[in-house]
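Worksheet for the structure shown next.
Note on naming: letters A, B, ... go to the chains in the order of the sequence lines (proteins, then strands), and numbering restarts at 1 for each one. Any value given below was found using the heavy atoms of this structure, including those in side chains, with hydrogens, waters and symmetry copies removed.
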Number of protein chains: 2
Amino acid sequence: MSLRHAILVLLQDQEASGYDLAREFANSIGLVWNATHQQIYLELGKLNEQDMVKYRHIPQDGKPDKKLYRITDTGRDELIRWLRKPAAPPRIRDSFMVKIAGGALSEPSAVLRELEDQADLRRERLSTFEALALALSERNTEKDMYTYLTLRRGILDQQAWLSWADEVRSELHKRENLPTSA
Amino acid sequence: MSLRHAILVLLQDQEASGYDLAREFANSIGLVWNATHQQIYLELGKLNEQDMVKYRHIPQDGKPDKKLYRITDTGRDELIRWLRKPAAPPRIRDSFMVKIAGGALSEPSAVLRELEDQADLRRERLSTFEALALALSERNTEKDMYTYLTLRRGILDQQAWLSWADEVRSELHKRENLPTSA
DNA sequence: TATTGCTGCGCAATCCGTTGAATAAGTAGA
DNA sequence: TCTACTTATTCAACGGATTGCGCAGCAATA
């Protein structure tokens, strides 16, 4: 139940609309927590009822009106309280890995094909994160340091995944005498 | 929606009760997918209704009776069909990482304390996985190879996490002039 | 003797998450 | 011009997941 806390973290240093938050969930925070816009709007409604956030209504022309949310003192207290409690270890639900565990039922060539699809995705993420981390190399504020560390987590994670993929390729080729190219 | 498929993977080569499966979800498969006993019993009920599994009732004395489930041909077909469809990338929901992203609101010493708690857990998992992988070093069957690769994924993952923790420690100490010991 | 833990199954309430759709107006490109 | 995308919010339906509870008996430990 920390969608609310992820939102509060984002609202910590900027006023934002649900739409703004959804974009950030698709990018920066999406690295560690993801959510769709429906979830975000719903949660903002609840947070508002509980006085953790408040909003001002901004009429716009040319574009739809929007609500700019900001965190309240109650919200900040809740966030700090939550930061103090130990986090539960993330529950793992990786369907690709379930497929690997059941891999003996598939053709090795099919496993390799999907491995490459997943690897493409990881490589893409890796270069995105690396570019963002580079942009943060002159990190003077404490906040930037934490953003940088979050990105580093993503980078090390993708790298570990790709090393694992190398192992999978060589194990499968060892066994099946498939061509060594990807 | 691949709890059902994780169950089918487990039932592929052995008959098992809901209780047996729950134990495996807490151990081996828990590495890539976790589920509680309530979920498992419910899903077994649905799988049974859809003829993907069937069971025999085993009366026991000294212990409660149990139901031993086995996969049916329909179940195996469904599993193979599922293995062929590309897997969606896992959605990430790591509350500890949300805390890191919002770390600037905490005391660095509090962040370090929780980092060490999480690191203990990762180190524990790492040695469990390493022991299991070692036990599988003489892997003759295809199935064992896939189990081994699944474990390797867990091992590389824990190692990457621990390397990241080293980076966090040195960044925080750089900034705060805290003692360099953990 | 009392408590805890293991084996084994299940129900119910609630909450969280996903999917799909609706509304509404502007802007960019085929 | 028609289509598609962007900005912006919200509702409804469904299904998956979590939490809490309950039953039942045996074995081991404190």
Full working for side-chain contact (heavy atoms from CB on, under 4.5 Å) between Arg125(B) and Asp157(B): CA-CA 10 Å; Arg125(B) 279 190 200 166; Asp157(B) 206 32; over 6 Å; no

Worked check of side-chain contact (heavy atoms from CB on, under 4.5 Å) between Ile58(A) and Lys67(A): CA-CA 6 Å; Ile58(A) 310 284; Lys67(A) 293 177 181 175; over 6 Å; no

Test side-chain contact (heavy atoms from CB on, under 4.5 Å) applied to Gln159(B) and Glu130(B), step by step: CA-CA 11 Å; Gln159(B) 286 172 342; Glu130(B) 277 172 341; 4.0 Å; yes

Tyr69(A)/Leu10(A) under side-chain contact (heavy atoms from CB on, under 4.5 Å): CA gap, chis, key distance, verdict: CA-CA 11 Å; Tyr69(A) 287 87; Leu10(A) 288 172; over 6 Å; no

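Computed from C1' positions of five pairs at each end, the angle between the two local axes of the helix from dT1(C)-dA30(D) to dA30(C)-dT1(D) equals 30°, rounded to 10 degrees.
Checking Thr150(B), Leu126(B), Leu132(B) one by one against Ile155(B), the side chain to side chain contact (heavy atoms under 4.5 Å, CB included) holds for a single residue, Leu126(B). Residue Asp120(B) forms a side-chain hydrogen bond (donor to acceptor under 3.5 Å, both in side chains) with just one option from Arg122(B), Arg123(B), Gln118(B), and that option is Arg123(B).
Two residues are said to be in side-chain contact when any heavy atoms from C-beta on lie closer than 4.5 Å; Thr74(A) and Glu78(A) fail this criterion.
Looking at Arg4(B) and Gln50(B), their side chains do bring a donor and an acceptor atom within 3.5 Å of each other. Residues Thr147(B) and Asp144(B) have side chains that never bring a donor and an acceptor to within less than 3.5 angstrom of each other. Between the side chains of Asp20(A) and Ser17(A), at least one donor N or O sits under 3.5 Å from an acceptor N or O. Between the side chains of Arg153(A) and Gln158(A), not a single donor N or O lies within less than 3.5 Å of an accepting N or O.
Within the model, atoms CG of Leu21(A) and CD of Gln39(A) stand 12.5 Å from one another, a figure rounded to the nearest 0.5 Å.
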Please output the side-chain donor-acceptor pairs of residues 87-106 of chain B that fall under 3.5 Å, not counting sequence neighbours, one pair per line with the distance.
unit_1   : atom_1 : unit_2    : atom_2 : d
Arg93(B) : NE     : Asn34(A)  : O      : 3.1
Arg93(B) : NH2    : Asn34(A)  : O      : 2.6
Asp94(B) : OD1    : Phe96(B)  : N      : 3.2
Asp94(B) : OD1    : Met97(B)  : N      : 3.3
Lys99(B) : NZ     : Leu83(A)  : O      : 2.9
Lys99(B) : NZ     : Lys85(A)  : O      : 2.4
Lys99(B) : NZ     : Glu114(B) : OE1    : 2.6
Lys99(B) : NZ     : Glu114(B) : OE2    : 3.4

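If you chain together hydrophobic residues whose side chains sit under 4.5 Å apart, Tyr148(A) and Val168(B) fall into the same group.
The stretch residues 46-60 of chain B comes close to DNA chain C through Gln60(B), each having a heavy atom under 4.0 Å from the strand. Across residues 89-98 of chain B, Arg91(B), Arg93(B) each have a non-hydrogen atom less than 4.0 Å from an atom of DNA chain C (numbered order). Non-hydrogen atoms lying under 4.0 Å from DNA chain C are contributed by His37(A), Gln38(A), Gln39(A), all within residues 13-44 of chain A.
Protein chain B contacts DNA chain D from dG16(D) to dC26(D), reading 5' to 3' and using non-hydrogen atoms of the protein with a distance under 4.0 Å.
Using a cutoff of 4.0 Å between basic side-chain nitrogens and carboxylate oxygens, Arg169(B) and Glu116(B) are scored as salt-bridged.
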